[in-house]
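Residue numbering restarts at 1 for every chain, and letters A, B, ... go by the order of the sequence lines.
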Amino acid sequence: MSKEKVGITVSKKDDFSEWYTQVVLKAKLADYAPVKGLIVLRPDGYSIWESLKNTFDKKFSKNGIRNGFLPVLIPESLLGKEQKHFAGFNPEVFWVTHSGENEVGDRLALRPTSETLAYTLYSKWIKSWRDLPLKINFWNTALRAEIKATKPFLRTSEFLWQEGHTVHATEKEAKDEVITILDIYKNTVEEELAIPVITGKKSEKEKFVGAVYTTTMESIMPDGKALQMGTSHFLGQNFSKPFEVKFADKDNVEHFAWQTSWGISWRLIGAMIMVHGDDKGLVLPPKVAPIQVVIVPIYNQDEDKKRVWEKTEEIKNQLESKSIRVHIDDRNELSPGYKFNDWEMKGIPLRIEIGPKDIQKQKIVLAKRYNKEKIDLDFKEIEKINSILNEIQTKMLEIARDQAKLNTFDISNYSEFKERIGKGGFVEAYWCGKQECEDKIKEETGADIRVISFENENKDGNCVYCNETSIEVPIFARGY
RNA sequence: GGGAACGUCGUCUAGCUUGGUAUGAUACUAGUCUGGGGGACUAGUGGUCGCAGGUUCAAAUCCUGCCGUUCCCA
């Protein structure tokens, strides 16, 4: 009875939503804050974010992008400078109306996104073609008041993200940058988080307000709902004109610049939990796990204890010399069984059990989190753990790919389409390109166009809704 | 956008209908024994019942408002 209450109390299959929340809270990734819609990131959660941040920073840096920092307050007059953009964000903006007791003149927005602020400054900094390209990334938070029910990492009124803003002399260069970034996003998510994504364009309706077009990466979650994993926007000159981001070209003629913006958020952590987790809790891909190997020493009498400890320390040193993140669970008050369950809930990829019996056999017991497999490993084979971690990382991506495939459907008939959407999943279907059909589909099924995959553009067929000649094959799904 | 439920030690919860300052478990602390899948025993610590008003001799309980959380349906 009491046993049941410690761990996750519902199965992923039976009550996905409850399961998800329990994993977040019980694996100590995050907790609710005392303000509606806000969460607190705890060290185990933040560590995953830091790991992603480090990987992105390396890749951004290679691409000539540097980090900067922007303030959180944006005056209303600035935020409203690009009309469509403002209209899109206005309903969810938090406003600061007072400083101390005094009302402020121009209301101050807590940034929902920083385009307007960044480009005001960019216009000051850019004078000549020699100042281009300008590529700056900002790690910060954005605030968007959520009316709908919130969920840790997936929908919160403040979220951690990065927003990149680049400026280019030519249209082509900016468009290329959009794709370069999307590629970085895709390979990072697949390689680090072991989550497969589909990249492509958003429809006109779903694009970022103010962009010429939006590229996106989308994933399908185990409950059949789609999750937007990151976006990269081609802004064209939509912002450079109102914000006067201009430069003198080599021929001394003044031009408006071409711009991009792009971002990923801590939603990626939510996706990782959903895609890999199981009934025992979190399952972390080795690359982002704060602890990769946990050692649980087992002993009874003092004599054994000493020997076990010596070996434990030795293994720890061996692994650390290979740059593996190791932790010894030296909590004396807990039984081994409790510790096994505890670390499984936290998703640590590998667990080493070592006790008197193992020392006698010159072996350790190695338990893999993702498939619950337990194997014996000779003391001499400790260095194999490195390749086992790599293998786990690869396998986890493979499994996730297989799952995603099972959740993807090719459908041409509308009644089938409706039925399928009701059950969840990515549905590929022909589309005429008219927003009217897109709206009707949304109205009747709740599904929207998640992504028009780069691989599926310009295919012939008949629109799943109106039956007219199609121009694209988007992926439809209900989303988070 | 519409609907429903819930809020009591850290966590889960009894009590609420029929008002009388709160039950149990778990966690936590100390000690002893244990130790290979959520250990045992003993002794302790911890709440004033989401917040603010109201009714009453008396409110966790009844009333009003607010805040928060969750779930379901477009």
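Between A:His233 and A:Phe208, the ring-plane angle classifies as parallel under the 30° and 60° cut-offs. Under the 30°/60° scheme for interplanar angles, the aromatic rings of A:His327 and A:Trp343 are found to be tilted.
In this structure B:G44 sits in a base pair with B:C28, meeting the Watson-Crick or G-U test at under 3.5 Å. B:G19 is unpaired under the criterion used here, namely a Watson-Crick or G-U wobble arrangement in which both key atom distances are under 3.5 Å. Figure legend. B:U64 is base-paired to B:A52; pairs are counted as Watson-Crick or G-U wobble with both atom distances under 3.5 Å.
Ranking B:U69, B:G38, B:G37 by closeness to the A:Tyr338 side chain, first place goes to B:G38. Nearest to the side chain of A:Val365, among B:G36, B:U69, B:G39, sits B:G36. Picking from B:G35, B:G37, B:G38 the nucleotide with the shortest atom distance to the side chain of A:Asn332 gives B:G35. The A:Asn341 side chain lies nearest to B:G37 when the options are B:C71, B:U69, B:G37.
Within the nucleic acid shown, A:Glu443 comes within 4.0 Å of sugar-phosphate atoms alone, with no base atom in reach, counting heavy atoms only. Residue-level contact check: A:Gly446 touches neither bases nor backbone, having no heavy atom under 4.0 Å from any strand. Among the atoms of the strands shown, none is found under 4.0 Å from any heavy atom of A:Arg331.
Taking side-chain N and O atoms only, A:Ser335 has a distance below 4.0 Å to OP1 or OP2 of B:G39.
The base of B:G37 sits with one of its N or O atoms less than 3.5 Å from a complementary donor or acceptor on the side chain of A:Lys374.
Mapping A:Ser17 and A:Lys442 onto RNA chain B by nearest heavy atom places A:Ser17 at the nucleotide closer to the 5' end. Nearest-nucleotide positions on RNA chain B place A:Lys305 closer to the 5' end than the other of A:Lys305 and A:Thr445.
The six-membered or imidazole ring of A:Tyr465 lies near that of A:Tyr414, with a centre-to-centre distance under 6.0 Å.
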